[in-house]
Each structure stands twice: as structure tokens, then as C-alpha cells.
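For the numbers below, each heavy atom of this structure counts, side chains included, while hydrogens, waters and symmetry mates do not. So that the names make sense, note that chain A is the first sequence line, chain B the second, and so on, each numbered from 1. Since this is a predicted model, take the numbers as computed values, not measurements.
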There are 2 protein chains.
Amino acid sequence: MKRNSRLSSTLHILVHMAEAPDRALTSEELAGFIHTNPVVVRRTIAGLREAGIVTSSRGHGGGWQLGRAPDKISLAEISGALGETLLPFSTEPESPGCLVEQAVIAVLDDFRLEAERLLTERLSNITLADLTADFRRRYDLIGVSSHAV
Amino acid sequence: MKRNSRLSSTLHILVHMAEAPDRALTSEELAGFIHTNPVVVRRTIAGLREAGIVTSSRGHGGGWQLGRAPDKISLAEISGALGETLLPFSTEPESPGCLVEQAVIAVLDDFRLEAERLLTERLSNITLADLTADFRRRYDLIGVSSHAV
DNA sequence: GTTTCATGTAACTTAGCTAGTTACGAATCG
DNA sequence: CGATTCGTAACTAGCTAAGTTACATGAAAC
């Protein structure tokens with residue numbers, strides 16, 4: 001798993017889970033999909049469990065399943081549960097008392113607030129169901145073209 | 001200079017340059033403002049020079065100055081010239097051929113495109129002049145309160 | 001109840017990124 | 001010429017996050 005690909009890797013995993021609603025997938029299986037380690041998977045999606053997006057069970061036949069229907073899981077929720085910030089720039093003061101810095105930070109924080117609002121709104125309108133639909137479209141296309149040939 | 005604070009540090013520097021329009025500031029001076037090294041400053045704002053946002057001159061009396069009026073320099077330009085991405089998540093394929101991944105990346109790239117458009121639009125409406133105005137407001141406030149006491 | 005399988009989590013290692021540093025050449029001014 | 005300042009390459013250091021190992025906990029199968 002590359003750096004900064006936690007969101008896409010998690011979505012990848014969740015689509016696979018949505019496509020196998022009848023059984024639990026182990027972290028081992030999930031790790032295989034994104035070419036990484038089971039422990040990394042468990043660590044990465046631990047936040048999703050707390051958010052109720054997925055459930056996990058131990059022991060024989062245990063593993064991971066979606067916590068609710070894919071059309072009730074938005075990318076905004078997923079992104080939030082991963083605990084990542086959408087905007088990477090920092091606005092931590094480094095020169096306390098400097099008025100120039102204070103002005104810069106004030107403007108940047110305003111922008112950040114507005115930007116996060118906008119991005120979250122957009123992400124709220126995309127659900128896991130949209131992703132699985134997109135996947136199935138691609139899958140059917142391949143099927144059709146294979147059939148044609 | 002902390003990680004991820006290149007944008008705010010650069011803005012800090014640029015406000016100082018806007019406040020001293022009559023002379024060139026050396027990288028040594030600029031580095032002092034953000035508590036870092038002259039070489040780091042030169043490296044960081046090299047892109048701004050190529051974008052015409054600042055100019056640099058060598059030798060005696062040399063240093064850095066704004067390339068044009070502060071109200072003609074938008075944060076969008078500055079951010080772009082720094083070569084940083086506004087959105088931190090990666091959409092690099094890691095499993096070529098995987099249809100699930102392709103669906104995820106397609107949706108995420110669409111979102112990124114729209115998000116970058118929105119953010120850039122917002123940043124285009126903020127200029128360096130807005131920052132200096134904010135700074136002066138704070139400066140005058142301090143002045144008034146000092147006078148009152 | 002014992003065995004097996006799977007998660008939960010802590011602790012450590014490794015890799016990559018970026019700031020920081022050193023060094024030196026090129027340009028400019030007095 | 002000598003002082004100053006940028007431009008840039010090359011190296012070092014430190015932080016962050018992924019990867020790994022290890023082991024305890026819990027659940028199902030037998």
C-alpha cells in the first residue's frame with residue numbers, strides 16, 4: 001500500500017465486501033486485494049468499525065462485513081472514519097505573537113473551513129453503491145466484449 | 001519550518017515582502033521570519049520566481065521582491081507555483097487490471113477534478129493584498145490599544 | 001474442553017519524504 | 001578585486017506511516 005492511498009485502498013476493500021454480502025472476509029483476504037499485510041488492514045479500517053460502517057467478528061468463519069447497505073454508506077463518512085484530513089496544509093503557529101503570521105493563519109483557516117464544507121458535501125453525495133454500480137458496469141462490459149470475440 | 005506548512009510560510013514571507021516594497025529582502029532575512037534556513041527559502045520560493053510572482057537579484061543589494069502588485073497575486077497562483085497538491089489522497093493504480101480498483105479510481109478522480117476546480121476558484125478570490133490588509137488591521141488594533149494604555 | 005481460526009493491539013523495524021545543512025560556482029555592485 | 005547574494009547540487013537528519021512480529025482474546029468446530 002502506497003503512502004496517501006488509504007482512502008482508495010479502503011474503498012477497494014469495501015467494494016469487495018459489498019460484492020460478497022453473504023459471508024465475512026478475513027483481513028488476510030482483504031490484504032490480498034490491496035497487496036499489503038493483514039495487520040495493516042485491521043489497523044486501517046479499525047475506525048470504520050467504530051463508525052458502524054463495517055462489523056468484525058472473531059474466530060471460525062469470522063472476518064469483516066458491511067455494517068449496513070452500500071447505498072447508506074457515503075464517501076464522506078468513510079473519509080471521516082479514516083481520520084484523514086482532506087486538506088493537507090498546516091496552519092499551526094510557528095511564531096507566536098507575529099501579527100503577519102496571525103493574519104495568514106486567519107485567512108487560511110477561513111479557507112480551510114469553507115473548503116472542508118464544500119468537499120464533505122460533495123463526498124456525501126457519493127455512496128458505496130455508486131462504486132459497486134460502476135464496478136458492475138465495467139465487469140459487464142468485459143463480459144460483453146469477451147462474448148463478442 | 002514544519003512539515004506541510006510551506007503554503008503558510010510562503011504567504012508569511014510574501015506579506016513581509018509586500019510591506020517592504022522599496023527594497024529587496026535577502027533569503028537570510030526571509031529565513032529569519034519563518035525560523036529556517038536561507039537555502040530552504042530559496043528552494044521553496046524558486047517556483048514563485050518562475051511564475052513571475054517574485055523576482056530575485058544577485059550581488060550587493062540583491063534579494064527578493066514582489067513581481068507585481070499584491071492585489072494582482074492570488075493565493076491560487078501561489079499555491080500552484082509551490083507545486084503542491086491541494087488534495088492529499090493518491091489515485092495511482094496499484095493493481096493494474098483490477099476492475100474494482102479501476103472503478104474506485106474513476107470515481108475518485110472525478111471527485112478530485114471537481115474539488116480542485118472548486119478550491120482553485122475560492123483561492124483565486126483571495127489576493128496577497130487581502131492578507132496585507134488583514135495584517136494592517138491587526139497592527140492598527142495593537143497600536144490603538146497600546147496608545148489607550 | 002481442546003483445537004483451530006480470526007481479530008485486537010502493542011512494539012519494533014523499515015522505507016521514503018522533506019527539511020536542514022554544507023559547499024561552491026555564478027552574478028552583481030562598489 | 002572583494003564583498004555580497006543567489007542557484008543548485010549533494011549530503012544528513014528526523015519524522016511519519018507502512019510493514020512486521022508477537023501474543024492475548026474470543027468464537028466456532030469437533
Side-chain angles (χ1 to χ4, degrees), chain A residues 1-10 12-13 17 20 23-67 81-85 88-90 92 94-95, chain B residues 1-10 12-13 17 20 23-67 81-85 88-90 92 94-95:
Chain A
M1 186 161 103
K2 288 205 200 82
R3 226 181 163 88
N4 293 339
S5 63
R6 278 173 63 188
L7 180 57
S8 61
S9 291
T10 300
H12 189 155
I13 281 175
M17 284 167 60
R23 68 187 189 91
L25 300 181
T26 66
S27 355
E28 183 107 27
E29 288 173 298
L30 297 176
F33 295 138
I34 58 173
H35 305 113
T36 185
N37 191 290
V39 177
V40 173
V41 169
R42 293 202 281 267
R43 202 157 55 196
T44 302
I45 64 179
L48 304 198
R49 181 182 53 231
E50 283 150 34
I53 297 169
V54 298
T55 62
S56 65
S57 54
R58 292 171 159 183
H60 240 108
W64 302 79
Q65 283 182 289
L66 292 185
L82 285 174
E84 289 184 319
T85 173
F89 60 83
S90 156
E92 293 283 300
E94 298 181 48
S95 313
Chain B
M1 185 161 101
K2 291 205 198 81
R3 225 180 163 90
N4 293 339
S5 63
R6 277 173 64 188
L7 180 57
S8 60
S9 292
T10 300
H12 188 154
I13 280 174
M17 284 167 59
R23 69 188 188 92
L25 299 181
T26 66
S27 353
E28 184 107 28
E29 288 174 297
L30 297 177
F33 295 138
I34 59 174
H35 305 112
T36 185
N37 190 292
V39 178
V40 173
V41 169
R42 293 202 281 268
R43 202 156 57 194
T44 302
I45 63 178
L48 304 198
R49 182 183 51 232
E50 283 150 35
I53 296 170
V54 299
T55 61
S56 65
S57 53
R58 291 170 159 183
H60 241 110
W64 301 81
Q65 284 182 288
L66 293 186
L82 284 175
E84 290 184 319
T85 171
F89 60 85
S90 157
E92 293 282 301
E94 299 182 45
S95 313

_Stepwise side-chain hydrogen bond (donor to acceptor under 3.5 Å, both in side chains) test for Thr44(A) and Arg6(A)_ = CA-CA 8 Å; Thr44(A) 302; Arg6(A) 278 173 63 188; 4.8 Å; no
Any side-chain N or O of [X] less than 4.0 Å from the OP1 or OP2 oxygen of [N]?
X	N	result
Ser57(A)	dA6(C)	no
Thr26(A)	dA6(C)	no
Ser56(A)	dG8(C)	yes

Send over the distance from [X] [atom1] to [N] [atom2], rounded to a whole Å.
X	N	atom1	atom2	result
Met1(B)	dT18(C)	CE	P	11 Å
Leu30(B)	dC6(D)	CG	C1'	12 Å
Glu29(A)	dC5(C)	CD	C1'	13 Å
Glu28(B)	dT21(C)	CD	P	12 Å
Arg58(B)	dA3(D)	CZ	C1'	15 Å
Leu25(B)	dC6(D)	CG	C1'	14 Å
Asn4(B)	dT18(C)	CG	P	9 Å
Lys2(A)	dA18(D)	NZ	P	13 Å

_Presence of salt bridge, Glu28(B) and Arg42(B), under 4.0 angstrom_ =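 No, this pair does not count.
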_Reading DNA chain D from 5' onward, which residue's closest nucleotide shows up sooner: His35(A) or Gly59(A)?_
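Nearest nucleotide further toward 5': that of His35(A).
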Out of [options], which nucleotide sits closest to the side chain of [X]?
X	options	result
Ser27(B)	dC6(D), dT7(C), dA18(D)	dC6(D)
Val40(A)	dA18(D), dA26(C), dC15(D)	dA18(D)
Arg49(B)	dT8(D), dC17(C), dT21(D)	dT8(D)
Arg43(A)	dA18(D), dT21(C), dC6(D)	dA18(D)
Asn37(A)	dA19(C), dT21(D), dC17(C)	dT21(D)
Val39(A)	dG25(C), dA10(C), dA17(D)	dA10(C)
His60(B)	dA27(D), dG2(D), dC17(C)	dG2(D)

_Any donor-acceptor N or O pair under 3.5 Å, side chains Ser5(A), Glu92(B)_ = no
*If you measure from CG on Leu30(A) to OG1 on Thr36(A), what distance do you get to the nearest 0.5 Å?*
11.0 Å
*asked:* Once rounded to the nearest 0.5 Å, what's the spacing between atom CG of Asn4(B) and atom CZ of Phe89(A)?
replied: 10.5 Å
*Would you state whether a donor and an acceptor, one from the side chain of Arg42(A) and one from the base of dT7(C), lie under 3.5 Å apart?*
no
